[in-house]
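Scroll down for the structure; my scribbles are underneath it.
Order of the sequence lines sets the chain letters (A, B, ...), proteins ahead of strands, with each chain counted from 1.
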Amino acid sequence: DHRQARGTSINNSELFTLTYGALVTQLCKDYENDEEVNKQLDKMGYNIGVRLIEDFLARSSVGRCQDFRETADVIAKVAFKMYLGITPSVTNWSPAGDEFSLILESNPLVDFVELPDNHSNLVYSNLLCGVLRGALEMVQMAVEVRFAQDTLRGDNVTEIRMKFIKRIEENLPAGDE
Amino acid sequence: MAIFSVYVVNKAGGLIYQYDNYVPRAEAEKTFSFPLDLVLKVHDEKVVVSFGQRDGIRVGHAVLSINGVDVNGRQTAEGKDIVEYLKEPSNYPVSIRFGRARLSSNEKLMLASMFHSLFAIGSQLSPEVGSSGIEMLETDAFKLHCFQTLTGIKFIVLADPRQSGIDGLLRKIYEIYSDFALKNPFYSLEMPIRCELFDQNLKSSLEIAEKAGTFGPGS
């Protein structure tokens with residue numbers, strides 16, 4: 001079973017880090033503009049997210065989340081663990097309960113990476129924001145995702161901020177009112 | 001025990017994949033001399049028996065082939081109208097194969113789309129809030145099992161009523177979809193699935209399900 005074979009990806013995490021790095025540097029060469037690269041990373045992430053969500057749902061036995069807090073827990077404890085092998089902590093809830101932060105102690109994408117001075121606006125891991133946005137859109141949640149802090153840019157921690165915008169009512173699967 | 005067919009329906013109700021694994025064919029081929037003792041009529045662009053049931057040829061069966069050559073709707077393979085052809089004494093003796101007409105792809109598309117709407121009605125009819133849509137549809141000849149993912153895709157399996165383990169099979173098909181369709185970057189979401197690896201893996205999972213009778217977790 002090919003899934004059992006890929007089990008713990010310790011032996012190909014280097015390849016993963018290098019592949020992602022090659023992707024980002026090629027985008028930098030192609031677009032020569034940090035803002036544009038950030039946008040492309042988000043788009044790519046989105047295309048990954050809309051597919052990854054099905055793999056996630058097919059493999060984990062997670063059912064529909066009842067509220068945004070449950071969504072946050074599932075993202076941090078199940079999804080991040082499954083795909084990146086890390087478990088960020090969920091903190092900084094807004095009073096309305098519609099916004100929270102994921103604090104990443106480590107980030108497999110940025111092993112060995114240092115941002116040069118001429119790329120101070122580059123959000124290196126922006127792919128992750130797109131992935132989260134795309135995945136949640138497929139389960140009828142519109143969210144905004146951004147990096148609030150980034151160790152690559154000198155901050156102490158890496159913080160992803162997620163904000164719930166609205167429930168997507170079009171094409172709601174039957175039985176989910 | 002058998003699994004008859006698999007349908008995959010996208011979020012908008014469009015059929016994106018269909019596979020007939022085992023379709024019981026009750027067919028009868030006979031040689032006839034003029035005049036034909038069956039009454040034929042045209043129905044839905046097919047020539048069907050309307051009267052004269054005998055020897056395994058039943059009312060409603062369609063003309064499938066003439067003299068060994070498959071027909072094309074209401075015409076022979078050479079483009080002659082079948083009813084006219086069978087009125088000519090010079091064309092006899094003739095060998096005709098009758099059987100239950102296969103569903104055309106358009107018919108399957110329509111049925112899938114209709115099921116998509118009925119599925120929604122299932123949850124609307126529910127006296128309880130938050131009911132799912134139709135999960136199973138049962139007749140004396142088959143059971144239709146439907147699994148809708150949180151993203152709105154439906155996996156539908158038609159099987160022998162005594163076949164067990166279909167729930168596990170539906171989850172397995174979801175995994176095969178997420179692997180061999182979605183992880184293929186050249187496959188566009190919501191479009192018809194034309195991936196060989198998907199076909200192959202689906203076929204083997206059907207074989208396993210039929211043999212084992214159950215599809216355990218972690219397979």
Which portion of B/I121 sits near chain A, non-hydrogen atoms under 4.5 angstrom:
neither

Atom CZ of A/R153: over 12 foreign heavy atoms under 6.0 Å:
yes

Would you say B/K108 has more than 12 foreign heavy atoms packed within less than 6.0 Å of its NZ?
yes

Got a sec: does the CD of A/E105 have more than 12 other heavy atoms crowding it under 6.0 Å?
no

Determine whether more than 12 heavy atoms belonging to other residues, nucleotides or ligands lie under 6.0 Å from atom CD of B/E138.
yes

If I take atom OG1 from residue B/T149 and atom CD1 from residue A/I53, how far apart are they, to the nearest 0.5 angstrom?
9.5 Å

Rounded distance (nearest 0.5 Å) linking atom OH of B/Y177 with atom CG of A/D55:
12.0 Å

Can you confirm whether A/N118 is buried at CG, in the sense that more than 12 heavy atoms of other residues, nucleotides or ligands lie under 6.0 Å from that atom?
yes

Atom CG of A/L52 and atom NZ of B/K183: how far apart are they, to the nearest 0.5 Å?
7.5 Å

Relative to chain B, which segment of A/V50 carries a heavy atom at a distance below 4.5 Å: side chain, backbone, both, or neither?
both

Pairwise distance CZ(A/F56) to CG(B/L150) - rounded to 0.5 angstrom
10.0 Å

Any A/R51 side-chain heavy atom under 4.5 Å of B/N184 side chain:
no

Are more than 12 heavy atoms from other residues, nucleotides or ligands located less than 6.0 Å from atom CZ of A/R161?
yes

CD (A/Q140) and NZ (B/K11) are apart, to the nearest 0.5 Å, by 7.5 Å

